[in-house]
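The first residue of the sequence shown is numbered 1, and numbering continues consecutively from there. Values reported hereafter were calculated over all heavy atoms of this structure, with side chains retained and with hydrogens, waters and symmetry mates removed.
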Amino acid sequence: MPTPLLKRLSTLAVTVGLVLLGAGPALADPALADPAPVTGPLGIDVSWPQCGKTLPEQPAFAVVGVNNGLANTTNPCLATQLAWARSAPSPAATPQPRVALYVNTANPGLKGFWWPTSNTYNGTRVANPYGNCALRIFRACAYIYGYAKAHDDARIRGIDNPASYLWWLDVETENTWQSDKKANVAVLEGMAVYFKGIGARVGIYSTGYQWRKVAGSVPSASPLAGLPSWLAGASSLTGAKEDCSLPGLTPRSRVALTQYVSGGLDYNFSCR
């Protein structure tokens, strides 16, 4: 958290404050300390803030951020960090995949750099449960926007064999969202449907607080229902373990992964 876990903050004071408030996915200042050695079956997630940083060798599993902080960008260190992530043991030491990916999400609406005007993207006519975007139905266009962002993440950012990965949707309040939570959910549904359509697995990465602010409740028939949850916001391994007992973010969801911050890195505990 689907940019922060407060992932882009520059000072320890701000990071700790937001984590304690449950503000969501956040990363401590990378300059605070050298990476702590990985002990036990803990994974690590990295993205653009760790570009050029020395990372611990052979984490139990790794999650790499595909974007550069915004949904329409590419992590400049993606290839290097994917190569590092593949140093994780094979098979993985936990039920988590050896290497997974997370992507930024957002709903900029008409103020975005690009906003769809039809149900077609990249030559593909997309089945839209919310109607025809060409009729300027906002929720329908939000669905296509999410579908398009997922397509770009899978196809133009340098990911080989995108269907082989688990893709976490990073949902954070610091990205742009609309007050219309149903439209925000439509974006995330469009992304989930695209990834599922190529045969990939999908999960949701956020905190309870951020998820409620952005999406609120999700219908049990939604494509988001039942997806695994990755919860951010813990400040210690003990807290991360305790968070495994929290409810998932959507109906029928189980918490699969929890995150805590230590020594300037995000560590992740596999709940199952």
*Report yes if the side chains of Arg201 and Pro97 come closer than 4.5 Å at any heavy-atom pair, otherwise no.*
yes
_Euclidean distance, Ser179 OG relative to Asn184 CG, rounded to 0.5 Å_ = 8.0 Å
*Taking the six-membered ring for Trp and the single ring otherwise, decide whether the centroids of Trp115 and Tyr145 are under 6.0 Å apart.*
yes
*asked:* Less than 4.5 Å apart, side chain to side chain, heavy atoms only: is that true for Leu55 and Val46?
replied: yes
*Any side-chain heavy atom of Lys196 within less than 4.5 Å of one from Pro223?*
yes
*Can any side-chain N or O of Ser229 pair as donor or acceptor with the backbone N or O of Leu249 at less than 3.5 Å?*
yes
_Contact check, side chains of Trp167 and Val66, non-hydrogen atoms, under 4.5 Å_ = yes
*Check each of His151, Lys149, Glu189, Arg155 against Tyr194 using the side chain to side chain donor-acceptor pair (under 3.5 Å) test, and report the only one that passes.*
Arg155
_Gln210 (side chain) donor-acceptor with Thr173 (main chain) under 3.5 angstrom_ = yes
*Taking everything shown except Lys181 itself, do over 12 heavy atoms lie less than 6.0 Å from its NZ?*
yes
_Using every non-hydrogen atom in the two residues, find where Ala256 and Trp168 come nearest and quote the distance to one decimal._
CB-CH2, 4.5 Å
_Looking at every non-hydrogen atom in both residues, tell me the closest pair between Ala186 and Tyr130 and how far apart they are._
CB-CE1, 3.8 Å
*Is there a path from Phe113 to Val187 through hydrophobic residues (I, L, V, M, F, W, Y) whose side chains come within less than 4.5 Å of each other?*
yes
*Supply the atom-to-atom distance Trp84 CH2 to Glu57 CD, rounded to the nearest 0.5 angstrom.*
10.5 Å
*asked:* Under a 3.5 Å distance rule, please check whether Ser47 uses its side chain to pair with a backbone N or O of Pro49 as donor and acceptor.
replied: no
*Given Tyr121 and Trp114, is the ring pair (Phe, Tyr, Trp, His ring centres under 6.0 Å) satisfied, shown in steps?*
CA-CA 12 Å; Tyr121 186 71; Trp114 173 83; 5.5 Å; yes
*Least distance between heavy atoms, Ala234 atom then Gly239 atom*: CB-C, 3.7 Å
_Nearest non-hydrogen partners of Ala127 and Tyr143, listed with the distance_ = O-CE2, 3.6 Å
*Do you know which two heavy atoms are closest between Pro95 and Ser270, and how far apart they sit?*
CD-OG, 3.6 Å
*Do Cys51 and Pro76 have side chains that get closer than 4.5 Å, going by heavy atoms?*
yes
*Can you name the nearest heavy-atom pair linking Phe269 to Ala240, along with the distance?*
CB-CB, 4.4 Å
_Spatial distance of atom CD1 (Ile204) from atom CE (Met191) [nearest 0.5 Å]_ = 11.0 Å
*For the residue pair Trp230 and Asn268, establish whether any side-chain heavy-atom pair is separated by less than 4.5 Å.*
yes
_Measuring only between side-chain heavy atoms, which start at C-beta, is Thr250 closer than 4.5 Å to Ser222?_
no
*Could you tell me whether a side-chain N or O of Ser118 sits under 3.5 Å from a main-chain N or O of Thr120, the two making a donor and an acceptor?*
yes
*Quick one: pull up CG in Leu265 and CG in Asp45 and give me the separation to the nearest 0.5 Å.*
8.5 Å
*Would you find a donor on one side and an acceptor on the other, under 3.5 Å apart, between the side chain of Gln178 and the backbone of Asn107?*
yes
_For Asn161, I'd like to know if atom CG has over 12 heavy atoms of other residues, nucleotides or ligands within 6.0 Å._
yes
*Considering only heavy atoms from C-beta outward, does the side chain of Asn175 approach that of Val214 to under 4.5 Å?*
no
_With side-chain contact (heavy atoms from CB on, under 4.5 Å) as the criterion, how do Ser220 and Arg252 come out once you've worked through the C-alpha distance, each side chain's angles and the decisive distance to 0.1 Å?_
CA-CA 8 Å; Ser220 60; Arg252 304 186 304 281; 3.7 Å; yes
*Before giving the answer on side-chain contact (heavy atoms from CB on, under 4.5 Å), spell out for Leu231 and Leu246 the whole-Å C-alpha distance, their side-chain angles and the decisive distance to 0.1 Å.*
CA-CA 9 Å; Leu231 299 184; Leu246 293 175; 3.9 Å; yes
_Donor-acceptor pair, distance only, cut-off 3.5 Å: does the side chain of Trp177 make one with the backbone of Val171?_
no
_Asn119 side chain to Asn128 side chain, donor-acceptor N/O pair below 3.5 angstrom_ = yes
_Which residue in the set Val63, Ile198, Val99 passes side-chain contact (heavy atoms from CB on, under 4.5 Å) when paired with Tyr165?_
Val99
*Atom OG1 in Thr258, atom CD in Glu242: separation rounded to 0.5 Å?*
10.0 Å
_Neighbour count above 12 (heavy atom, 6.0 Å) for Lys182 NZ_ = no
*Would Phe195 and Leu166 satisfy side-chain contact (heavy atoms from CB on, under 4.5 Å), going step by step from the backbone distance to the final call?*
CA-CA 9 Å; Phe195 286 129; Leu166 166 59; over 6 Å; no
*With the 4.5 Å side-chain cut-off for hydrophobic clustering, are Leu82 and Ile156 part of the same group?*
no
*asked:* Against Asn67, only a single residue in Asp152, Asn72, Asp153, Thr105 fulfils side chain to side chain donor-acceptor pair (under 3.5 Å); can you say which?
replied: Asp153
*If you measure from OG on Ser262 to CG on Leu42, what distance do you get to the nearest 0.5 Å?*
9.5 Å
*Counting N and O atoms only, with roles assigned by atom type, does the side chain of Arg98 sit under 3.5 Å from a partner on the main chain of Arg86, one being a donor and the other an acceptor?*
yes
